[in-house]
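First the proteins, then the strands, lettered A, B, ... as listed; each starts at 1.
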Amino acid sequence: MSKDKSAKIATPQPVRGTQDMLGDFADRFAYVVDAFERVRRLYGFKRVEVPVIEPTAVFARSLGETTDVVSKEMYSFDDRGGESITLRPEFTAGISRAFISNGWQQYAPLKVATHGPLFRYERPQKGRYRQFHQVDAEVLGSDSPLMDTELLVFADHLLRELGVSDGVTLNLNTLGDADSRDAWRAALVEHFQAHRGDLSEDSLVRLDKNPMRILDSKDPKDRPIADSAPDIDAYLTNEAQDFFAAVTAGLDAAGVAWKRDARLVRGLDYYRHTAFEFITDRLGAQGTVLGGGRYDGLIENLGGPATPAVGWAAGIERLAMLVDAERIDNRIDAVIALEDDAALAQAQQAMALLRAEGISVEMVANGSPRKRYDKAAKIPAHALISIGMRDGALNRNVRGDNETAKRVDAILQDI
RNA sequence: GCGACCGUAGCUCAGUUGGUUAGAGCGCCGGUUUGUGGUACCGGAGGUCGGGGGUUCGAGCCCCCUCGGUCGCCCCA
């Protein structure tokens, strides 16, 4: 290696908003994914895998060609054939596309779950990255409120399984069917127009672009106007009322606590009926831990058959940040400190025997032999095995918690 | 896109009103001690103080620019 500083190669930097995980956070991440896989099986959700890349049209058409999200916040590029490709910013559109491409109507109602990386070109902040990861559950091809309930109970179960449900509340709203939604939207616009003069600058822009968003504005100036705006309730059709009542009755029957949040809205037109967010106050400005809703219009938007669907997604990083440290067990079963290289073969044999019995083990055999024991002791493990030579004979010692130490001792009797 | 704060050793950080050769802990390497022991001690390697420009006799410290990070706003599928 040259010491000449001018010859130094410029260090490549990670892409903004990406993260490398090792140790504690990687363990937390895996803990969340493991719990999700366990719980989704309990609810009979099939594992589904869809591509990380899709034709840009999949997201542009589902999200609306002209929205900010599509025009500025997607990772899009032209591939070598000149086709516009986008790194998926969400699971729902890709799963819907797969549903159409593969004729999965035949399996409806189809309960599927997946997890993996997603990409959004946004300014990173706490709990918000350009490459991030979600767990996701969807039910396609059912217009039954039973499925909304099922999904919500599943979500609640997952949060309990992770031990993060304390301080997290389920906020629930209905956006009604298309007729209810349109009538409510018109009433909202009328209300906000009447109070134009008192709205914040941001909300005046929202009034033109996305008036429903004024309802969840953070600006204190907007709050009185947003709070006095009409709820959707007066505009709900009988069918929409019944649907919402069926969902909440199901939650009550299953013992899932929920809170009506008449201010909870979705920007996109394909959302119908149920909208929900599990919210915490422990994650700074990014409080939503799990969110979703019914999107009966989406698959049709993609050119598929009219297909009702409902789903949710949750950020793995955010969940991982909420998991209590005591729940993360990063200990391996056993560590071997090889204190004399003359016993190397026996130590290798010992590892083979232990691993054959399903006991995880690794060995410390580098550096000064007299310091290997201390090094090994610093690796979190249930048992610590020292292997060395004494008076020309093999010397072995096992310390650790009783159960593991006993098993290890029994397996290593013959070496 | 906008705003605030922060960039000093591999990591976490200290560094006086601007004043000799920039420090500590952890980690790494080596040695000594202990010798069924998770210990202690000694030593070593490792820094263009993010980068560039400026002010000054003198800059890690002050000013400007730039790059990066964090948090917030906007947006939130």
[X] (side chain) and [N] (base): donor-acceptor pair under 3.5 Å:
{"X": "A:Lys371", "N": "B:G38", "answer": "no"}
{"X": "A:Arg16", "N": "B:G68", "answer": "no"}
{"X": "A:Ser368", "N": "B:G31", "answer": "no"}

In whole Å, what separates the [atom1] atom of [N] from that of [M]?
{"N": "B:G7", "M": "B:U16", "atom1": "P", "value": "12 Å"}
{"N": "B:G19", "M": "B:C61", "atom1": "C1'", "value": "12 Å"}
{"N": "B:G44", "M": "B:A9", "atom1": "C1'", "value": "14 Å"}
{"N": "B:C6", "M": "B:C75", "atom1": "P", "value": "28 Å"}
{"N": "B:U56", "M": "B:C2", "atom1": "C1'", "value": "36 Å"}
{"N": "B:G3", "M": "B:C65", "atom1": "P", "value": "12 Å"}
{"N": "B:U20", "M": "B:G37", "atom1": "C1'", "value": "47 Å"}
{"N": "B:G51", "M": "B:A77", "atom1": "C1'", "value": "38 Å"}

[X] [atom1] to [N] [atom2]: how many Å, rounded?
{"X": "A:Lys72", "N": "B:G1", "atom1": "NZ", "atom2": "C1'", "result": "7 Å"}
{"X": "A:Ile336", "N": "B:G37", "atom1": "CD1", "atom2": "P", "result": "19 Å"}
{"X": "A:Arg399", "N": "B:G37", "atom1": "CZ", "atom2": "C1'", "result": "7 Å"}
{"X": "A:Asn397", "N": "B:G37", "atom1": "CG", "atom2": "C1'", "result": "9 Å"}
{"X": "A:Asp374", "N": "B:U33", "atom1": "CG", "atom2": "P", "result": "15 Å"}

> What about the rings of A:Phe244 and A:His273, do their centers lie closer together than 6.0 Å?
Replying inline: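 No, ring centres 6.0 Å or more apart.
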
> With a distance cut-off below 6.0 Å to the six-membered ring centre and an angular limit of 45° from the axis, does A:Arg120 pair with A:Tyr75 as a cation-pi contact?
Replying inline: no

>> Students often mix this up, so state it plainly: with edges at 30° and 60°, are the rings of A:Tyr43 and A:Phe154 parallel, tilted or perpendicular?
In response: parallel

> Hey, what's the ring geometry for A:Tyr295 with A:Tyr271, parallel, tilted or perpendicular (30° and 60° as the breaks)?
Replying inline: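 A:Tyr295 vs A:Tyr271 ring planes: perpendicular.
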
Does a donor on one side chain sit under 3.5 Å from an acceptor on the other, for [X] and [Y]?
{"X": "A:His382", "Y": "A:Asp401", "answer": "yes"}
{"X": "A:Ser200", "Y": "A:Asp222", "answer": "yes"}
{"X": "A:Arg40", "Y": "A:His157", "answer": "no"}
{"X": "A:Gln131", "Y": "A:Gln19", "answer": "no"}

> For RNA chain B, what dot-bracket results from Watson-Crick or G-U pairs at under 3.5 Å, with [ ] for crossers and | for inter-strand partners?
Replying inline: (((((((..((((.....[...)))).(((((.......))))).....(((((..]....))))))))))))....

> Where the side chain of A:Ser386 is defined as all heavy atoms beyond and including C-beta, which of B:C29, B:G37, B:G35 is the nearest nucleotide?
Replying inline: B:G37

> Where is the tightest heavy-atom contact between A:Ile415 and A:Gln346, given as atom of each residue plus distance?
Replying inline: CD1-O, 3.7 Å

> For every nucleotide of nucleotides 72-77 of chain B, 5' to 3': is a protein heavy atom under 4.0 Å from its base (B), only from its sugar-phosphate (S), or from neither (-)?
Replying inline: BBBBBB

> Touch check for A:Lys378, heavy atoms < 4.0 angstrom, all strands: base, sugar-phosphate only, or nothing?
Replying inline: sugar-phosphate

>> Applying side chain to side chain contact (heavy atoms under 4.5 Å, CB included), can you list everything that pairs with A:Val69, at least two apart in sequence or on another chain?
In response: A:Thr67, A:Glu73

